[in-house]
Amino acid sequence: MTSKVKNEVIRARQGMHLDQETWRKWSIFLVRLYLDSAPNKIRAQFTGSPSSTPQEAAELAEVFAMLQAKVEDRSLAAHVQYLGADLWREAVRLQKDKA
């Protein structure tokens, strides 16, 4: 994940006035709501208790939560819908970027 993406995640967390641990827990909770639209490979990372979520999966959850917050605000303002699968695709892409 690039430093730009990390900074966007931090800004999203700060915008919600959450500390880092609460943000991480929220992110993991949120992605579990969207698991039905996640690829099978991703679903497997979020099995078991939330506290046992692997570090890499937790980071993916934070990227997903940042994207979801952005898209949710925009979709409400524009009265349009979005697909969870699109959020997953973008979250995976952003997490893999290494610039």
Side-chain angles (χ1 to χ4, degrees):
M1 166 180 359
T2 66
S3 60
K4 180 182 176 189
V5 173
K6 286 180 186 176
N7 288 334
E8 288 184 49
V9 168
I10 291 168
R11 278 194 298 276
R13 177 179 60 80
Q14 291 172 339
M16 293 183 174
H17 307 288
L18 299 174
D19 61 68
Q20 195 167 6
E21 183 62 25
T22 304
W23 168 257
R24 181 154 289 202
K25 288 177 180 179
W26 162 249
S27 299
I28 292 168
F29 171 79
L30 181 67
V31 299
R32 287 172 177 254
L33 297 176
Y34 284 86
L35 280 181
D36 60 331
S37 58
N40 289 335
K41 182 174 92 173
I42 301 296
R43 289 180 193 183
Q45 295 179 43
F46 292 96
T47 58
S49 70
S51 62
S52 66
T53 303
Q55 176 71 22
E56 188 174 328
E59 290 172 3
L60 176 62
E62 291 180 359
V63 172
F64 183 94
M66 177 267 299
L67 290 171
Q68 193 274 342
K70 284 183 172 185
V71 170
E72 184 69 18
D73 286 345
R74 291 176 184 164
S75 77
L76 287 173
H79 304 289
V80 296
Q81 294 183 351
Y82 59 91
L83 298 175
D86 293 336
L87 291 176
W88 279 114
R89 194 171 12 266
E90 184 66 5
V92 168
R93 186 189 70 76
L94 288 173
Q95 187 188 31
K96 287 183 180 180
D97 283 351
K98 303 283 185 197

Visitor: Who are the ring-ring contact (aromatic ring centres under 6.0 Å, His included) partners of Phe46, not counting sequence neighbours?
Guide: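 Partners of Phe46 under the ring-ring contact (aromatic ring centres under 6.0 Å, His included) test: none.
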Visitor: What pairs of residues pass the salt bridge (charged side-chain N to carboxylate O under 4.0 Å, His left out) test when at least one of them lies in residues 54-70, not counting sequence neighbours?
Guide: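 Every salt bridge (charged side-chain N to carboxylate O under 4.0 Å, His left out) pair that includes a residue of residues 54-70, provided the two are not neighbours, is Glu8-Lys70, Arg24-Glu62.
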Visitor: Ser75: which residues meet the side-chain hydrogen bond (donor to acceptor under 3.5 Å, both in side chains) condition with it, sequence neighbours left out?
Guide: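 Here no residue qualifies.
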Visitor: If two hydrophobic side chains count as joined below 4.5 Å and joins carry through other members, does Phe29 share a cluster with Tyr34?
Guide: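 Looking at the clustering, Tyr34 is in the same group as Phe29.
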Visitor: For Arg93, give me all partners under side-chain hydrogen bond (donor to acceptor under 3.5 Å, both in side chains), at least two apart in sequence or on another chain.
Guide: Glu90, Asp97
Visitor: Check for me whether the distance between the ring centres of Phe64 and Trp88 falls short of 6.0 Å.
Guide: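 So the answer is yes for these two rings.
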Visitor: Do Met66 and Leu83 belong together in a cluster built from hydrophobic side chains that touch within less than 4.5 Å?
Guide: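 Looking at the clustering, Leu83 is in a separate group from Met66.
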Visitor: Determine whether Asp86 and Arg89 satisfy the following criterion, side chain to side chain contact (heavy atoms under 4.5 Å, CB included), listing intermediate values before the conclusion.
Guide: CA-CA 5 Å; Asp86 293 336; Arg89 194 171 12 266; 2.4 Å; yes
Visitor: Report yes if the side chains of Gln68 and Leu30 come closer than 4.5 Å at any heavy-atom pair, otherwise no.
Guide: yes
Visitor: Might you point out which heavy atoms bring Leu87 and Leu67 nearest each other, and give the distance in Å?
Guide: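 Heavy atoms of Leu87 and Leu67 come nearest at O-CD1, 3.9 Å.
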Visitor: Identify the two heavy atoms, one from Ile42 and one from Leu60, that lie closest to each other, and give their separation to 0.1 Å.
Guide: CD1-CD2, 3.6 Å
Visitor: Atom CG of Leu76 and atom CD of Gln81: how far apart are they, to the nearest 0.5 Å?
Guide: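 If I round to the nearest 0.5 Å, the distance is 11.0 Å.
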Visitor: Please tell me if the side chains of Lys6 and Val9 come closer than 4.5 Å, counting only heavy atoms from C-beta onward.
Guide: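 No. Closest side-chain heavy atoms not under 4.5 Å.
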Visitor: Looking at every heavy atom in both Arg43 and Asp36, which two are closest together, and how far apart are they?
Guide: NH2-O, 2.6 Å
Visitor: Identify whether Leu33 and Trp23 are in the same connected component of the hydrophobic contact network (ILVMFWY, side-chain heavy atoms under 4.5 Å).
Guide: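 Yes, it is one cluster - the side chains of Leu33 and Trp23 are joined through contacts under 4.5 Å.
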Visitor: Identify the two heavy atoms, one from Val31 and one from Ile28, that lie closest to each other, and give their separation to 0.1 Å.
Guide: CG2-O, 3.3 Å
Visitor: Under 3.5 Å, side chain of Arg13 to main-chain N/O of Leu18, donor-acceptor pair present?
Guide: yes
Visitor: Applying ring-ring contact (aromatic ring centres under 6.0 Å, His included), can you list everything that pairs with Tyr82, at least two apart in sequence or on another chain?
Guide: none
Visitor: With side chains defined as the heavy atoms from C-beta onward, is the minimum distance between Pro50 and Lys25 less than 4.5 Å?
Guide: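 A side-chain contact is absent here, since even the closest heavy-atom pair is not under 4.5 Å.
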Visitor: By salt bridge (Lys or Arg N to Asp or Glu O under 4.0 Å), which residues pair with Asp73, not counting sequence neighbours?
Guide: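 Result, salt bridge (Lys or Arg N to Asp or Glu O under 4.0 Å) vs Asp73: none returned.
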Visitor: Could you check whether any side-chain N or O of Ser52 sits under 3.5 Å from a backbone N or O of Gly48, counting only pairs where one atom can act as donor and the other as acceptor?
Guide: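 Here the side-chain-to-backbone pair does not exist.
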Visitor: Between Ser27 and Ala65, what is the shortest heavy-atom contact and its length?
Guide: OG-CB, 3.4 Å
Visitor: Please lay out, stage by stage, how Trp26 and Met16 fare under the test side chain to side chain contact (heavy atoms under 4.5 Å, CB included).
Guide: CA-CA 11 Å; Trp26 162 249; Met16 293 183 174; 4.3 Å; yes
